[in-house]
Amino acid sequence: MTLQAPKGTFDWLPPRSEQALAVREALAAPVRRAGYGYIETPVFEDTALFVRGVGESTDIVSKEMYTFEDKGGRSITLRPEGTASVVRAVLQHGLHGGRLPVKLWYSGSQFRYERAQKGRYRHFWQVGAEALGAEDPALDAELIVLAADGYADLGLTGVRLLLNTLGDRECRPAYRAALQDFLRGLDLDEPTRARIEINPLRVLDDKRPEVRARLAGAPLVVDHLCQACKTYHEEVRALLTASGVAYTDDPRLVRGLDYYTRTTFEFVHDGLGAQSAVGGGGRYDGLSEMLGGPPLPSVGWALGVDRTILAMEAEGLLDAEAAVSPVQVYGVPLGEEARRRMFSLVTEMRRAGLDADMAFGGKGVKAAMKGADRSGAVYAVILGERDIAAGSAQVKDLASGDQATVPLAEIVTTLKERLNK
RNA sequence: GUGGGCGUAGCUCAGUUGGCAGAGCGCUAGGUUGUGGUCCUAGAUGCCGGGGGUUCAAGUCCCCUCGCUCACCCCA
């Protein structure tokens with residue numbers, strides 16, 4: 001054992017890595033069809049962006065960030081989530097001065113310093129989508145529907161949608177105070193008592209049974225909503241229902257980032273171990289202003305790529321037997337001269353649009369044929385001295401075992417015909 | 001940060017009251033001097049995670065340490 005990947009990280013190897021690519025594409029496809037443009041932002045940002053955006057009181061900022069000083073003395077942080085960067089980029093480049101809403105999607109690595117466990121890693125991948133600059137329940141519903149469609153396209157049937165609203169700056173302060181009053185009267189441990197003062201809504205999210213029991217009579221946001229929030233939330237729910245997207249109202253759903261307002265949602269799955277969320281998001285009407293920008297009511301989500309793969313695995317949707325990068329044609333050269341000829345022939349095939357590979361390492365016929373079999377190729381092209389002398393090669397159908405002699409000059413066209421290309 | 005489980009071949013794992021380091025899969029070669037999948041044969045690969053201790057003798061018992069993993073917490 002020499003060096004290994006850092007704690008909490010892992011490598012994606014074939015064929016799982018191919019599935020990861022496919023999952024990213026499948027989750028992004030619905031938003032691309034809905035007019036969302038692709039954005040890439042730096043993997044690291046000014047630390048202040050996350051402190052102000054995500055919120056100082058959150059666990060993410062207070063203890064999970066990879067923060068370091070660069071050689072110029074700047075405080076830099078590896079991004080723990082994607083939304084803050086997208087908002088920063090929109091503000092920096094004035095995209096909000098154009099057509100609204102600004103619709104963007106992204107895909108990339110995120111970093112959080114946590115104790116690793118199943119479904120939770122220090123380096124993970126998210127596909128995200130954000131719609132900035134419009135306050136319209138249809139936009140909230142659109143994003144939720146697009147995410148649900150992405151999961152459905154992957155064949156997932158066990159993804160459930162939890163929905164809630166957190167109110168806005170109009171009604172949340174009063175609710176927050178009422179909740180704090182209630183919580184202060186409970187017998188709770190010290191970290192939780194501290195959380196009551198900083199971020200009381202998160203206490204509702206506690207999973208410990210003994211805490212949950214004490215929270216039984218806690219005031220809920222839904223009972224403290226102002227009329228505007230109530231109407232907004234009803235509209236979101238109606239649109240989801242009209243789209244055939246099932247959801248469960250979860251009045252205790254509170255998300256870990258401070259910037260959320262009104263609509264919040266989480267997609268959960270039971271096959272991931274203790275980590276149940278495969279995706280989540282919500283509305284963040286105040287984030288732009290927190291970052292020094294103009295009011296820019298927005299909504300967005302992030303879907304966990306590796307968690308989605310775990311969910312697919314739990315549902316038996318991943319083909320473990322999948323051949324690694326299967327090719328159509330596999331070259332079997334016998335001898336030095338044949339090896340040179342085969343190299344050129346395979347190059348020619350590839351340029352002609354065929355997926356082709358060949359035996360390397362001077363293997364004998366038997367081993368080379370074994371390689372052909374494992375490559376997943378439909379045809380093997382065998383070339384030895386006798387064939388070169390005759391100006392031809394053997395084309396073998398690996399499924400049937402039928403073999404034909406084909407002139408070298410016609411190999412590529414013959415294969416293309418047979419493979420229907 | 002806290003707690004549980006586990007570290008033996010590339011992979012999955014056996015290894016008895018302490019007594020020569022093993023199997024299956026995979027890999028390489030041969031059976032078939034130019035043909036894969038099935039079958040047969042042979043071969044290679046180990047600081048038994050690391051360090052210390054007990055013992056004639058430690059993969060096995062004791063201590064320390066590192067790593068992995070699951071869970072709490074937290075979240076995608």
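Quantities reported herein were computed from a predicted structural model and do not represent experimental measurements. Throughout, protein chains are lettered first and strands after them, A, B, ... in sequence-line order, and every chain is numbered starting at 1.
An OP1 or OP2 oxygen of B/rC74 is reached within less than 4.0 angstrom by a side-chain nitrogen or oxygen of A/R195. Contact annotation: A/Q126 side-chain N/O to B/rA76 OP1/OP2 distance is not under 4.0 Å. Phosphate contact (OP1/OP2 of B/rG34, side-chain N/O of A/Q394, threshold under 4.0 Å): absent. Considering only side-chain N and O atoms, A/K7 lies under 4.0 angstrom from the phosphate OP1 or OP2 of B/rC68.
Residue A/G371 is out of contact with every strand shown, counting any heavy-atom pair closer than 4.0 Å. Within 4.0 Å (heavy atoms only), A/Q403 reaches at least one base atom of the nucleic acid. Heavy atoms of A/G273 sit under 4.0 angstrom from primed sugar atoms or phosphate atoms, though from no base atom. Heavy atoms of A/Y379 sit nowhere under 4.0 angstrom from any nucleic acid atom. Across all strands shown, A/G279 has heavy atoms under 4.0 Å from sugar-phosphate atoms exclusively, and none from any base. Here A/A380 lies out of heavy-atom contact (under 4.0 Å) with every strand. Nucleic acid contact class of A/A399 (heavy atoms, under 4.0 Å, all strands): base.
Taking atom C1' in both B/rG49 and B/rC6, the straight-line distance is 12 Å, to the nearest Å.
Of the listed nucleotides (B/rC74, B/rA71, B/rU35), B/rU35 has the atom at the smallest distance from the side chain of A/K396. The side chain of A/R115 lies closest to B/rU69, out of B/rU69, B/rA29, B/rA76. Considering only the side chain of A/R307, B/rA76 comes nearest among B/rA76, B/rA29, B/rC72.
Side chain A/K366 to base B/rU35: no donor-acceptor pair is found below 3.5 Å. Below the 3.5 angstrom threshold, one finds a donor paired with an acceptor across the side chain of A/Q117 and the base of B/rC73. If you check distances only, the side chain of A/D373 does reach the base of B/rG36 with a donor-acceptor pair under 3.5 Å.
Considering OH of A/Y260 and OG1 of A/T83, their distance stands at 5.0 Å, rounded to 0.5 Å.
The heavy-atom pair separating A/V90 from A/H96 by the smallest distance is O-ND1, 3.5 Å. Heavy atoms only, all atoms of each residue included: A/V395 and A/V381 are closest at CG2-CG2, 4.4 Å.
Ring-plane geometry between A/H224 and A/Y175 is classed as tilted, the angle between the planes lying from 30 to 60 degrees on a 0 to 90 degree scale.
Nucleotides of RNA chain B nearest to A/G364 and A/E385 differ in position, and the one nearer the 5' end is that of A/G364. Both A/I382 and A/F124 lie close to RNA chain B; mapped to their nearest nucleotides by heavy-atom distance, the more 5′-ward contact belongs to A/I382.
Atom CD in A/E114 sits roughly 10 Å away from atom P in B/rA76 (whole-Å rounding). Remark: P of B/rU33 and CE of A/M369 are 15 Å apart, rounded to the nearest angstrom. Remark: P of B/rG34 and CZ of A/R341 are 19 Å apart, rounded to the nearest angstrom. For A/F111 and B/rA76, the CZ to C1' distance is 14 Å, given to the nearest whole Å. Spacing between atom CD of A/E266 and atom P of B/rC74 amounts to 13 Å, rounded to whole angstrom units. Rounded to whole Å, atom C1' of B/rG1 lies 11 Å from atom CZ of A/R120. The distance between atom CG of A/L334 and atom P of B/rG36, rounded to the nearest whole Å, is 12 Å. Whole-Å rounding puts the A/D59 CG to B/rC72 P distance at 14 Å.
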Let me see the working for A/Y379 and A/Y330 under ring pair (Phe, Tyr, Trp, His ring centres under 6.0 Å), right down to the final yes or no. CA-CA 6 Å; A/Y379 292 105; A/Y330 193 91; over 10 Å; no

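Within a 6.0 Å radius of CD in A/E385, no more than 12 heavy atoms belonging to other residues, nucleotides or ligands are found.
Residues A/I39 and A/E130 have side chains not in contact (no heavy-atom distance under 4.5 Å, counting atoms from C-beta outward).
A donor-acceptor contact closer than 3.5 angstrom links the side chains of A/R283 and A/Y232.
Stem regions for RNA chain B, each three or more consecutive Watson-Crick or G-U pairs with both distances under 3.5 Å and listed by first number, read B:1-7 with B:66-72, B:10-13 with B:22-25, B:27-31 with B:39-43, B:49-53 with B:61-65.
Under the 6.0 Å distance and 45° angle rule, A/R122 counts as a cation-pi partner of A/Y113.
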